Protein chains: 2
Amino acid sequence: MEIEVKFRVNFEEAKKKLEVLGARLLRTEEQEDLYFSLPPNELLRIRRIRNLGKTYLTHKLIVDPGRNEEFDEIEVEVSGFEEMRKILRRLGLQEDVLIRKHRLVYRLGDVTFELNRVEGIGEFLDIEVISENPKEAREKIWESARKLGLDENDVEPRLYTELMKEKNG
Amino acid sequence: MEIEVKFRVNFEEAKKKLEVLGARLLRTEEQEDLYFSLPPNELLRIRRIRNLGKTYLTHKLIVDPGRNEEFDEIEVEVSGFEEMRKILRRLGLQEDVLIRKHRLVYRLGDVTFELNRVEGIGEFLDIEVISENPKEAREKIWESARKLGLDENDVEPRLYTELMKEKNG
């Protein structure tokens, strides 16, 4: 299970705090996420990571709808963004929203920090732990969050897709 | 467009004839093709090539239904068979049939020969040309077929999925 909490942050400030905390920068990603329309509590996306030349197809079941912190995720790498897009369209899936992010990925222990500048939406830090024990994962996430000076008021419970649609809507 | 004609053959005899003809063996494949239920004239399959450690997701539109010689095909390589299978099941697709083939792939000029021993179904030679000119492609295919001693009586117009379902009753 993927457990993650999304916080609204200032990108540059959060970056400094992560480095002070001792988190290690794993990589920089320029992402384009194309989401398809699915029933509520499911997400399907093709992610192109432009600078790495990689593409992924990902399906997520949202285990805690509304709160959006717990996901049962399946992902494969695929050889082509446009080909995958065409196959999904042929299967009758409708394209929903496209989200572009500039992302820095940090790691400290088994906690992953995804610092995002999301085009048209804002700046966010996703703190993530992969675990079959959501309670323990949440404790780890919040321990890191507190060290970065983040609290409940900084949490953004909406999905990026929801934020994008509210902006466009 | 993928243009191909399927012939019923004896595997070993066809192999000898292809080698006499001067076709070059490109590779051997141990394939497992998992097909999903779709409307008529569409095919969706995940192909695992066991000996090469590769997996592909392929969608085909059958351009000439019934005859099954002309296909508009989109294919991507994917990093995992089981993960891809789970994503498609989550999208509501039903698994249809599984087909196992031992395949030798030969090439001569721009003609590809796929010599198949298909588990439970029989032995076949698919002669294939990729072209935007189906008429010209068919001429090339039939020129090769005649050189191999094959004629209209050897053609098998049914899809492997149809043959498998007829066998299973």
Side-chain angles (χ1 to χ4, degrees), chain A residues 1-2 27 29 31-50 52-65 68 70-96 130 132 159 161, chain B residues 1-2 27 29 31-50 52-65 68 70-96 130 132 159 161:
Chain A
M1 205 74 73
E2 180 195 63
R27 59 188 179 274
E29 297 184 347
Q31 302 179 345
E32 277 177 27
D33 291 349
L34 178 63
Y35 285 88
F36 289 80
S37 294
L38 276 194
N41 310 328
E42 289 188 49
L43 293 169
L44 179 71
R45 108 189 143 207
I46 315 175
R47 166 170 292 172
R48 167 150 52 188
I49 307 181
R50 284 217 170 262
L52 303 181
K54 290 193 172 277
T55 302
Y56 298 89
L57 176 70
T58 308
H59 185 281
K60 294 190 188 205
L61 291 175
I62 302 170
V63 177
D64 59 342
N68 300 322
E70 234 174 288
F71 302 93
D72 182 352
E73 177 182 313
I74 307 175
E75 185 166 80
V76 286
E77 186 175 350
V78 300
S79 59
F81 181 94
E82 286 304 332
E83 290 81 0
M84 194 65 240
R85 178 182 197 165
K86 280 182 199 160
I87 290 175
L88 294 177
R89 290 173 71 161
R90 282 192 178 181
L91 295 177
L93 289 151
Q94 302 286 319
E95 294 181 11
D96 189 13
I130 306 293
E132 289 317 307
L159 301 164
T161 50
Chain B
M1 205 74 73
E2 180 195 63
R27 60 187 179 276
E29 297 183 347
Q31 302 178 346
E32 277 178 26
D33 292 349
L34 178 63
Y35 285 88
F36 289 80
S37 295
L38 276 192
N41 310 327
E42 288 187 50
L43 293 170
L44 179 71
R45 116 193 134 204
I46 315 176
R47 168 171 291 173
R48 167 151 50 187
I49 307 181
R50 284 215 170 263
L52 304 180
K54 291 192 172 280
T55 302
Y56 297 89
L57 176 71
T58 308
H59 184 280
K60 296 190 185 205
L61 290 176
I62 302 170
V63 177
D64 60 341
N68 301 323
E70 235 174 288
F71 302 94
D72 182 352
E73 177 182 313
I74 307 175
E75 186 165 80
V76 287
E77 186 174 348
V78 300
S79 58
F81 181 93
E82 286 303 333
E83 290 81 359
M84 194 66 240
R85 178 181 196 168
K86 281 183 198 161
I87 291 175
L88 294 176
R89 291 173 71 162
R90 282 193 179 180
L91 295 176
L93 289 152
Q94 301 286 320
E95 295 182 10
D96 189 12
I130 305 293
E132 290 317 306
L159 301 164
T161 50

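Please read these numbers as outputs of a predicted model, since none were measured by experiment. Throughout, protein chains are lettered first and strands after them, A, B, ... in sequence-line order, and every chain is numbered starting at 1.
For the side chain to side chain contact (heavy atoms under 4.5 Å, CB included) test with A:Y56, the passing option among A:V78, A:I49, A:V76 is A:I49; the others fail. Remark: of the listed residues A:N68, A:L38, A:T161, A:T161 is the sole one forming a side chain to side chain contact (heavy atoms under 4.5 Å, CB included) with A:L43.
For the pair A:F36 and A:D96, the tightest heavy-atom approach, listed with the atom from each and the gap, is C-CB, 3.8 Å.
Two residues are said to be in side-chain contact when any heavy atoms from C-beta on lie closer than 4.5 Å; B:F71 and B:I62 meet this criterion.
For A:L57, the parts sitting under 4.5 Å from any heavy atom of chain B are the backbone and the side chain alike. Using a 4.5 Å cut-off between heavy atoms, A:E75 touches chain B through its backbone atoms (N, CA, C, O) alone. A:L61 touches chain B through backbone and side chain together, each having a heavy atom under 4.5 Å away.
The choice from B:E77, B:K86, B:E42 that makes the most heavy-atom pairs within less than 4.5 Å of chain A is B:E77.
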